[in-house]
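Whatever order the structure lists ligands and atoms in, that order sets their numbers, starting from 1. Keep in mind that what you see is a predicted model, and the values were worked out from it rather than measured.
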Amino acid sequence: MHSISRRSFLKAAAAAGTGLVAAGCIPRRKKQEPTAEAPLKLGVLLPYSRVYAVLGQSITKGMELYFDSIGWVVGGRPIEWLTEDTELDPQVGLRKARKFIEHDRVDLLTGLVSTGVAYAVRDLVHATETVLLIANAGANKLTRLEKSPYIFRTSFSNWQPNHPMGAWLYHQVAQNVFVSAPDNEAGHEMIDAFKETFQAAGGLVLGEIYPPLGTSDYGQYLAEIGKSGAAASYSFFSGSDAVRFVKQFGGYGLSKHMLLAGTGFLLEEDVLPAQGAAAEGGYSGLHWALTLDNPENRRFTEEYKQMYGKEADVFAVQGYDTARVIAEALKLTGGETQNKKRLIDAISAVRFNSPRGPFEFDPETHNVVQNIYIRQVASVNGALHNQVLDMVEKVRDPGV
Ligand code: PHB
């Protein structure tokens, strides 16, 4: 188990037992009343190893930042925070979800970065009536054919950031592209959503290629992309795959005759510093940008930087918002989690202004409804960040 569980639990216990506020980098905004309530057990399932390890860390940091701001007490109950590494493996994820549900008897389950792990735990969560808040994994079917009243998603469906990008890219940037993504469910769902509107607008897909997740040398794939003569390359890669793909895209000289574009994760704050110049000018669509100018984002990005000494990223926003949903829902139920209908109604009712803009759940699917921002990487105050070029408001997964 991750060492965070002990530290956070001690903080919660301290806040709950004494009414005092533990010392931290971020000043508390709210003093907690003493409480003798049973802890709220939160099972956090995230990858802390392999390609998406940094994503797991960012989600964790975002959650910690929010829970810190409310003294680690929700609905009068101190948070007991348990974490497990899914190792990005569906079978490991399923085993650890079962442990959380059957052994630890968690009140709520959260986390999940990869679509494959999310699909693997779906039936267990549904059958055991465990409320799950997905903090990343975009698995489309969990908002469609395989949706469950017990599953909410605070992040995105794989369709959401890609569908608006197809038509936008065709009209604003390039009329023919080469598409690429890891050869897994997430990769195909993301690219299919992009192609839908790109091709409907009249765009030509000159080729597509799906390397394995965790590819270290993209040379053979980039050779093919380069040979296609496409005006732009559109990809979904994330974590260390995104670092290598974009750096090698620059290294093989593709940047000289082809535009770089993709799902926002390809060019997000977690990878930009390592990608460097090869990322500059890249276009992408996502539900957040570091430079979004709203009061919630200004406060969040400043506090995050102060606490962790680095820029926030979209995964941290998702963790932060997930923690907020839990806190607001538990406020509505007075800390009660056993009555599942009441808990589900409370979560469904949560809406607020997030650093990403307005946040609300679609009552039909329990997936977040949110703006999608079209961004371009540019030098901002001497560092590479995404600037917002355009916005598609209140994007809702179709649910079918
Ligand atoms: C996914 O597998 O659903 C996934 C992984 C990484 C991302 C986004 C989605 O950045």
Sub-4.0 Å heavy-atom approach of E189 to ligand 1
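Distance cut 4.0 Å: E189 fails for ligand 1.
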Heavy-atom contact under 4.0 Å between V117 and ligand 1?
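Contact check V117 vs ligand 1: negative.
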What are the atoms of ligand 1, with element, lying closer than 4.0 Å to any heavy atom of [X]?
X: N136; value: 4 (C), 5 (C), 6 (C), 7 (C), 8 (C), 9 (C)
X: S114; value: 1 (C), 2 (O)
X: A186; value: 1 (C), 2 (O), 3 (O)
X: A137; value: 3 (O)
X: L55; value: 6 (C), 10 (O)
X: F156; value: 8 (C), 9 (C)
X: M190; value: 8 (C), 9 (C)

Using heavy-atom distances only, which candidate in F237, F265, Y119, Y52 approaches atom 6 (C) of ligand 1 most closely?
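Minimum heavy-atom distance to atom 6 (C) of ligand 1 goes to Y52.
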Quick test of your reading of the structure: of V51, V113, L88, N158, whose heavy atom lies closest to atom 4 (C) of ligand 1?
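Looking at heavy atoms only, the winner is V113.
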Could R375 and Y283 be counted as a cation-pi pair, given that NZ or CZ must be under 6.0 Å from the ring centre and within 45° of the axis?
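That pair does not qualify as a cation-pi contact.
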Between H366 and F361, is the gap from one ring center to the other below 6.0 Å?
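No, ring centres 6.0 Å or more apart.
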Are Y234 and F178 an aromatic pair, judged by ring center distance below 6.0 Å?
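Ring centres of Y234 and F178 not closer than 6.0 Å.
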Check D104 with K41, please: is the shortest side-chain N to carboxylate O separation under 4.0 Å?
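D104 and K41: not salt-bridged.
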Distance check, rounded to the nearest 0.5 Å: S58 atom OG versus Y308 atom OH?
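Here the rounded value is 9.5 Å.
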Find the distance between CG (L142) and OG (S148) and round it off to the nearest 0.5 Å.
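Nearest 0.5 Å value for the CG-OG distance: 9.0 Å.
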Are [X] and [Y] linked by a side-chain donor-acceptor pair shorter than 3.5 Å?
X: Q160; Y: N367; value: yes
X: D85; Y: S49; value: yes
X: T322; Y: T110; value: no

Indicate yes or no: does an N/O atom of [X] lie under 3.5 Å from an N/O atom of ligand 1?
X: T115; answer: yes
X: S238; answer: yes
X: F315; answer: no

